[in-house]
Protein chains: 2
Amino acid sequence: MKFLLVEDNQELAHAISSRMQLDGHVVEHASNLKDATAFVETGEYDLILLDIMLPDGDGRSFLKTHRASDLDTPVIVLTARSQISDRIGSLDLGADDYVTKPFDHAELAARCRAVLRRRAGKSQTIIRSGGVEFDPVAGSMAVQGQPVTLRNRELRLLELLINAPGQIFSKQKLSDRLFSYDDDVSENAIEVYIARLRKHLDPSDLKITTLRGLGYRLDNDA
Amino acid sequence: MKFLLVEDNQELAHAISSRMQLDGHVVEHASNLKDATAFVETGEYDLILLDIMLPDGDGRSFLKTHRASDLDTPVIVLTARSQISDRIGSLDLGADDYVTKPFDHAELAARCRAVLRRRAGKSQTIIRSGGVEFDPVAGSMAVQGQPVTLRNRELRLLELLINAPGQIFSKQKLSDRLFSYDDDVSENAIEVYIARLRKHLDPSDLKITTLRGLGYRLDNDA
DNA sequence: TCGGGGGTGTCAGGTCGGTGTCAGGTTAAC
DNA sequence: GTTAACCTGACACCGACCTGACACCCCCGA
């Protein structure tokens with residue numbers, strides 16, 4: 001997927017784009033409205049991440065003209081916490097979702113996935129695989145029909161893995177997605193969560209395979 | 001499907017119609033009651049999205065004459081965030097559903113689908129679930145047949161939850177929906193209202209589940 | 001203008017569950 | 001056999017959440 005990030009804070013912009021690249025997305029970065037407009041006119045994007053406060057104007061005006069020109073690229077608005085009115089107003093202007101700064105990168109990634117999924121026409125968000133039903137919106141899972149309550153972290157870990165079955169996730173990668181910068185956790189934490197998730201998945205056909213020195217992978221042993 | 005959108009705010013109108021077009025619908029747009037009447041007399045629509053506050057009158061009068069002339073096109077009313085009392089009348093006048101601004105476009109789309117789907121039967125606004133009868137217009141609720149009077153905030157909270165049962169609402173989302181921009185309330189306020197609503201729902205099968213770190217969810221423990 | 005009352009949000013104290021760490025055991029690699 | 005990576009049961013901590021009490025405010029009637 002190709003994203004356009006419109007954000008004037010260079011540091012934050014770098015953090016976001018590197019995080020998005022972890023997910024395999026291509027990110028192009030504009031620091032102001034002028035550049036953003038130029039980018040949109042010349043390229044096609046799957047998603048736009050739009051900061052509201054920009055040096056040369058209000059992000060909402062961009063959003064407005066963007067929608068007015070019949071472009072239907074989904075937009076997620078980034079706002080500061082205090083500017084609640086911005087979030088609400090931007091929804092009216094056609095934003096697909098908003099995230100308040102400071103935000104968890106894991107959360108932003110989740111929102112992006114949700115928006116893209118919604119846009120793909122799949123209003124059906126429930127993922128079924130190997131005897132597991134997973135509903136990220138409801139935060140619920142059922143294994144062989146039996147409902148299982150997952151905790152916050154377990155949920156997010158499962159969401160990561162199940163969205164890319166068969167892919168190898170290094171512990172570093174998982175750690176990056178599950179935790180934010182400032183809290184530095186030991187790699188063992190990941191091992192623990194993998195174990196907990198494994199227990200939940202035990203009755204199903206989904207197995208988490210360990211690849212020594214490489215990471216983990218979700219497989220379907222049907 | 002062919003929709004008629006009656007809305008004087010041009011930006012919002014454009015946002016809505018472009019969104020609806022994404023879903024493959026044709027949208028015609030009237031900015032006032034006069035135009036709306038002309039549209040309805042000349043064309044056939046599958047659904048009407050009707051703003052209440054219009055430059056040349058109250059949308060409800062349009063709704064009334066519309067119903068009086070035996071047209072059974074479903075109508076979804078768009079109202080500003082306000083007291084329940086403001087909405088009284090619109091559903092009595094034959095609206096099929098209403099959405100309060102500001103709204104998620106995804107939510108509006110969902111309401112549209114719901115209205116069109118249940119159009120086969122009768123227009124039904126009272127929600128019955130798990131021993132609870134909820135009438136959002138009258139602002140009344142009954143648990144196991146016993147009438148319960150809810151306060152304004154409790155009503156709006158219940159309304160949010162019951163319209164999307166099984167979905168997780170973060171505290172921030174609930175806060176955005178329940179309160180307006182200028183008053184910034186602590187997250188604890190949400191917790192308090194959840195508790196108050198829980199007490200009311202106690203005799204019923206509807207339970208509000210806490211998902212630590214994620215939010216709340218309305219479940220039916222039938 | 002005053003007083004009352006219902007609705008509303010805050011606060012403080014308490015509870016409890018998720019969370020990450022640790023230590024010791026197990027397994028794979030060489 | 002040695003080593004490093006990984007697994008896992010137990011545990012303590014911290015913060016999210018709950019809740020009873022309270023102060024505030026707006027509306028109403030006197």
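Throughout, protein chains are lettered first and strands after them, A, B, ... in sequence-line order, and every chain is numbered starting at 1. Side-chain atoms are counted along with the backbone in the values below, which use heavy atoms only and exclude waters and symmetry mates.
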5' to 3', nucleotides 24-30 of chain C under a 4.0 Å protein heavy-atom cut-off (B base, S sugar-phosphate only, - none) gives ---BB--

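Using bins of under 30°, 30° to 60° and over 60° for the plane-to-plane angle, the ring pair B:Tyr193/B:Phe179 lands in the tilted bin.
DNA chain C is contacted by A:Val185, A:Ser186, A:Asn188, A:Ala189, A:Val192, A:Tyr193 of residues 185-194 of chain A, taking any non-hydrogen atom closer than 4.0 Å.
No side-chain donor-acceptor contact under 3.5 Å links B:Asp8 and B:Ser31. Judged by distance alone, the side chains of B:Glu159 and B:Asn163 never bring a donor and an acceptor atom under 3.5 Å apart. Neither side chain, B:Ser140 nor B:Asp135, offers a donor N or O lying under 3.5 Å from an acceptor on the other.
B:Gln172 and B:Glu187 get closest at one heavy-atom pair: N-OE2, 4.3 Å. Closest approach of A:Ser175 to A:Val185, counting heavy atoms only: OG-CG2, 4.0 Å.
Taking every side-chain heavy atom of B:Phe179 into account, C:dG9 is the closest of C:dG20, C:dG9, D:dC17.
Of the two residues contacting DNA chain D, namely A:Arg196 and A:Gly215, the nearest-nucleotide position lying further toward the 5' end is that of A:Gly215.
Rounded to whole angstrom, the span from the CG atom of A:Asp184 across to the P atom of C:dT21 amounts to 8 Å. Rounding to whole angstrom units, CG of residue B:Leu150 and P of C:dT8 are separated by 11 Å.
Using a 4.0 Å cut-off, some side-chain N or O of A:Arg151 falls inside it from OP1 or OP2 of C:dG18.
Contacts classified as salt bridge (Lys or Arg N to Asp or Glu O under 4.0 Å) and involving residues 201-211 of chain B (residues at least two apart or in different chains) are not found.
Using a cutoff of 4.0 Å between basic side-chain nitrogens and carboxylate oxygens, B:Arg196 and B:Glu154 are not scored as salt-bridged.
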